[in-house]
Amino acid sequence: MTTIERSAVRPDLADPATYDAGIPHEAFATLRATPGLVRNPDGPWGSGFWSVTRLDDLVAVSRDTTTFSSAVGHIQIYDVDEDVRDARASMIDLDPPIHTRLRRLVSSAFTPKHVQDYVGDVRRRIGDRLDALEAAGGGDWVAEVAAPIPIGVICALMGVPESDHDLMIEMTDHLVEGTSSAELDPGAYGNTKPLRELPFNSPAAFGVEEYARRARRDRLAEPRDDLLTQLAVAEVDGERLSETEYARFFQLMIFAGNETTRSAMAHLATHLMDHADEFDRVRADGDLLDGAVEEVVRHASPILYFRRTAMADTVLAGTEVAAGDKVVMWYASANFDEAHFADPLAFDVGRPRVPGHVAFGGGGAHFCLGASLARIELAELVAEVLRRGLRLRPAGEVETVSSNFVNGVARLPVEVSR
Amino acid sequence: MGGDPTGDGSERVAMVVDEDRCIGIGQCELLEPDVFRLGDEDAISRVVDGADLPRARALELVDRCPSGAISIADA
Ligand code: HEM
Ligand code: SF4
């Protein structure tokens with residue numbers, strides 16, 4: 001048995017401060033070079049876990065939903081009580097077959113073919129935001145571009161009216177803070193629930209939930225041609241989603257489709273400034289556009305990890321894993337696995353497409369529902385920046401989101417000119 | 001592996017989609033639109049009647065389906 005007890009693993013991968021300066025590449029490289037799985041010790045957030053840091057091991061965990069469950073335990077590092085988990089569960093916290101039955105309620109809206117229908121809306125939003133940023137000579141790239149575009153796109157896609165988009169941005173901003181050290185008044189957004197019962201322990205999650213309940217009642221009373229209506233009338237095994245199930249579904253799509261794409265767009269700005277030469281290649285050869293998008297997403301690794309829980313004793317990478325153990329898939333490490341990516345820290349828009357990165361997940365039932373949507377948003381943004389010949393320059397201090405879960409950027413001041 | 005007389009992956013093989021595993025990502029249809037079609041309503045991938053692919057390409061498709069729903073129909 002090759003259980004390597006390393007209680008002295010530094011840094012603690014569960015500590016949000018570990019990510020304050022971005023992805024801890026050196027620490028991950030050390031873990032990848034260590035045979036077997038490395039155990040992160042117990043902490044104030046709960047019991048320890050196995051860190052999966054190499055791409056092949058990660059894919060093996062991700063695709064085996066029978067051995068590695070999303071429904072038992074929690075998909076984040078910290079422990080939650082069973083009642084709390086049940087109170088929060090959406091399809092991302094469920095295993096097949098019920099997971100997949102739920103997912104099919106919306107999957108047709110997110111296929112590569114279907115997302116082409118949204119390109120017009122995506123372009124309009126990108127155009128408007130870049131017009132405003134250019135007119136002002138610059139501004140906070142996150143507030144002006146990276147935040148409003150993804151939330152606008154996902155809200156429009158679902159049928160949330162434009163007038164509510166700002167409220168959605170505000171609430172989802174707070175959701176992210178729930179995984180960090182920032183504090184929010186527990187009673188915010190009319191919250192009446194104990195925080196531990198809310199996703200991200202955030203009262204803003206209550207706000208999003210209430211919004212969804214209202215939307216469902218409105219759509220049932222007055223159906224429209226939108227995803228919110230489709231989800232309200234759809235049936236799983238002959239039954240409609242309950243109000244609570246509906247609210248959690250909505251919450252998941254709003255959160256999953258928002259902060260992640262925002263993070264990728266924020267990191268895009270940094271790469272535009274640091275690797276202008278790589279984007280000159282894309283301008284010269286449009287065939288490199290998709291490669292540029294994948295490289296931005298790989299480097300951003302907007303979600304650092306998801307966790308699974310072992311359902312049976314098993315051996316992974318030569319390490320014995322016991323039933324009940326937490327197994328954490330570090331996307332932010334596997335995406336820089338030197339066994340798969342030559343010179344992994346380099347930003348290279350011409351990398352081979354196979355094998356791909358795992359920023360959208362390592363495959364299996366939970367592979368990112370919005371991957372095709374995120375890709376067209378990023379591709380359209382890169383294309384428009386290049387078409388306009390925009391030059392970005394740093395114009396102040398960059399603030400990152402303090403979190404052990406998302407690789408977020410809170411503020412990124414830039415100057416813009418042609 | 002099944003019969004591959006030429007041994008260079010050019011032999012044509014049929015493919016199957018496990019409809020219970022498919023999560024409708026549409027990677028298959030994007031790569032091989034003449035072989036895979038997603039249902040308009042259910043977004044479940046189905047193999048077009050009689051369609052086949054060279055074994056090497058088929059193996060790549062198996063690999064690139066995120067949910068592991070595609071396999072080669074080895075007789
Ligand atoms: C660059 C942007 C994005 C990144 C990096 C990203 C990443 C991820 C990851 C890592 C997962 C978990 C995969 C797994 O467990 O195997 C996931 C799941 C998910 N994503 Fe994304 N995502 C992005 C954009 C979006 C968008 C635009 C949507 C819009 C709807 C979305 C909706 C979802 C949903 C609903 C799930 C849960 C799927 C399930 O449990 O079956 N994501 N995403
Ligand atoms: S790539 Fe796989 S999961 Fe996606 S539609 Fe095709 S068969 Fe289904």
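Every chain is numbered from 1 and lettered A, B, ... according to where its sequence line falls, protein lines coming before strand lines. None of the values given here were measured: they were computed from a predicted structure.
Highest contact tally toward chain A, considering only B:G68, B:S67, B:A69, is held by B:S67 [criterion: heavy-atom pairs under 4.5 Å]. The candidate with the highest count of non-hydrogen atom pairs below 4.5 Å against chain A, out of B:D42, B:I23, B:L30, B:D63, is B:I23. In terms of heavy-atom pairs under 4.5 Å with chain A, the best-connected choice from B:A43, B:P66, B:P33 is B:P66.
Only the side chain of A:R103 comes within less than 4.5 Å of a heavy atom in chain B; its backbone stays farther off. Heavy atoms of B:L38 lying under 4.5 Å from chain A belong exclusively to its side chain. The contact between A:P112 and chain B is made by backbone and side chain atoms together, counting heavy-atom distances below 4.5 Å. If you measure heavy-atom distances from B:E41 to chain A, the contacts under 4.5 Å come from the backbone alone.
Annotation for A:R224: atom CZ does not count as buried by contact number, only 12 or fewer foreign heavy atoms lying within 6.0 Å.
When all heavy atoms are compared, the tightest approach of A:S108 to B:D40 is CB-O, 3.8 Å.
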(Q) Applying side chain to side chain contact (heavy atoms under 4.5 Å, CB included) to B:I44 and A:R104, what does each step give before you reach the verdict? (A) CA-CA 8 Å; B:I44 292 174; A:R104 284 186 181 149; 3.6 Å; yes
Q: Go through A:T111 and B:I25 one step at a time and tell me if the side chain to side chain contact (heavy atoms under 4.5 Å, CB included) criterion holds.
A: CA-CA 6 Å; A:T111 61; B:I25 287 294; over 6 Å; no
